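None of these values were measured; they are calculated from a predicted model. Counting starts at 1 for both ligands and their atoms, in listed order.
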Amino acid sequence: MDKYNSRSTIKNTSFMSTFLIKNGNGKNRLSLRAKRFVVIIAVHLLFFLSFAIDIQILEGTLSGSRFLGFHLIDLFSIIQVYLATYHLSINMIIGAVTILSVYLLVGGRTYCAWICPYGLLSEIAEKMNNTLVAKGVIKNREFNHKVRYVFWAIFMILAFSSGYLVFETFNVVGILSRFIAYGWSIALVWVVAILAVETFYSRRAWCRYICPIGTTYGILGPISATRVEWNDNCDHCMVCHDVCFENQVLDLTKAKHAKSNKENGISHQYVTGADCTLCGRCIDVCHQDALSINFRLKELI
Ligand code: SF4
Ligand code: SF4
């Protein structure tokens, strides 16, 4: 993919070409999307091999696992378990504190972009949705992204009132993770149905409006140490807006802020919105190199 995109050319970029970035001197390098896909595939290969040939490196699924013997548990899962049973084992608490510490360092919804297997499939569905919208076959349907907090509360109330992890019945991430580790199940039909909704009805609808796992990790985002950083090389071309499925977090790139930033001497700012997944798509396409992923631990302290 040529880094020197405009809003009109980015629409015609093929999905495969987004794995390589051609920079100013014509050299290709791997895009952040390519690096993410390698990480996602490697993590799930470890889940698969740990069960299939008993190598015992990463056992279990994304909801709860053991990495080299250390317990790990997804943060939304542990909240659900507590609400449903009023009990947590010591291993669960250790697993949750480990995951909490990791995501406070690496950026909250990094889970969605760098670990979640559904996120990978959803990006392919997103490209198809964008193409269908560009050709006028379907409409671009957007909703209030804050509806995710309503779904989050509903799934919590369901766990509390029923004593069961009701969300796990609908959880496309858990269904896919169990499929990768343990094999085929009829529940995959639900994953296909959700992907169809994202392709033909609304871009990234599950990730954007429904998934309470992403919402939980998002709560850590604003206080996490790793964030996307914007600088004033930005020419407000809005290409990053077009590629970002949570582009409400990129408000700082809009031209309307340029004057006040200049007056107040603001030359760089962090993207602190909870919904940023640190996917790096905005960085991959920014022709001004105005965005980067940076570690801001010193500034937080
Ligand atoms: S950050 Fe980069 S891609 Fe986004 S508006 Fe600024 S120049 Fe354009
Ligand atoms: S702001 Fe950039 S890194 Fe964050 S979700 Fe949007 S495209 Fe991805």
What part of V249 sits under 4.0 Å from ligand 2 if we count only heavy atoms: the side chain, the backbone, both or neither? side chain
Do the side chains of Y86 and I90 join up, straight or via other hydrophobic residues, at under 4.5 Å, putting them in one cluster? no
Gap separating the OH atom of Y182 from the OG1 atom of T61, nearest 0.5 angstrom: 6.0 Å
Atom 2 (Fe) of ligand 1 has as its nearest protein heavy atom C286 SG, 2.3 Å
Y209 atom OH, over 12 foreign heavy atoms within 6.0 Å: yes
Select one of side chain, backbone, both or neither to describe which atoms of Q288 lie under 4.0 Å from any atom of ligand 1, heavy atoms only. side chain
Are the charged groups of E142 and R208 less than 4.0 angstrom apart, N to O? yes
Measure the distance from atom 6 (Fe) of ligand 2 to every protein heavy atom, then report the residue, atom name and distance (to 0.1 Å) of the closest one. C244 SG, 2.3 Å
Is the number of heavy atoms from other residues, nucleotides or ligands within 6.0 Å of CZ (F48) greater than 12? no
Within a distance under 4.0 Å of any heavy atom of L278, pick out the atoms of ligand 2 and give their elements. 3 (S), 4 (Fe)
Can you list the atoms of ligand 1 that are under 4.0 Å from a heavy atom of C234? 1 (S), 5 (S), 6 (Fe), 7 (S)
Residue and atom name of the nearest protein heavy atom (relative to atom 4 (Fe) of ligand 2), distance in Å to one decimal: C276 SG, 2.3 Å
Parallel under 30°, tilted from 30 to 60°, perpendicular over 60°: which one fits the rings of F47 and H44? tilted
State the atoms of ligand 1, each with its element, that fall below the 4.0 Å cut-off from a heavy-atom position in H236. 5 (S), 6 (Fe)
Do E123 and R281 sit within salt-bridge range, that is, some charged N less than 4.0 Å from a carboxylate O? no
Report the part of L291 (side chain from C-beta onward, or backbone N, CA, C, O) that has a heavy atom under 4.0 Å from ligand 1; answer both or neither where that applies. side chain
F167 and F76: aromatic ring centres closer than 6.0 Å? yes
Under 4.0 Å from a heavy atom of L250: which atoms of ligand 2 are those, numbered in the order shown and with their elements? 1 (S)
Is there an N/O/S atom in C282 at a distance below 2.8 Å from atom 2 (Fe) of ligand 2? yes
Where is the nearest protein heavy atom to atom 8 (Fe) of ligand 2: which residue, which atom, and how far? C279 SG, 2.3 Å
Only heavy atoms count here, so choose which of M238, K254, H287, H241 is nearest to atom 5 (S) of ligand 1. M238
Specify side chain, backbone, both or neither for N247, according to which of its non-hydrogen atoms lie closer than 4.0 Å to ligand 2. neither
Examine the proximity of ligand 2 to T277 and report which part, side chain or backbone, both or neither, has a heavy atom under 4.0 Å away. both
For V228, is the nearest heavy atom under 4.0 Å from an atom of ligand 2? yes
Taking CH2 in W152 as the centre, count heavy atoms belonging to other residues, nucleotides or ligands within less than 6.0 Å. Is the count above 12? no
Considering residues, nucleotides and ligands other than F143, do more than 12 of their heavy atoms fall under 6.0 Å from its CZ? yes
Run the salt-bridge test on R148 and E246 with the 4.0 Å N-O cut-off and return the result as yes or no. yes
Identify the protein heavy atom lying closest to atom 7 (S) of ligand 1, giving its residue, its atom name and the separation to 0.1 Å. D235 OD1, 3.2 Å
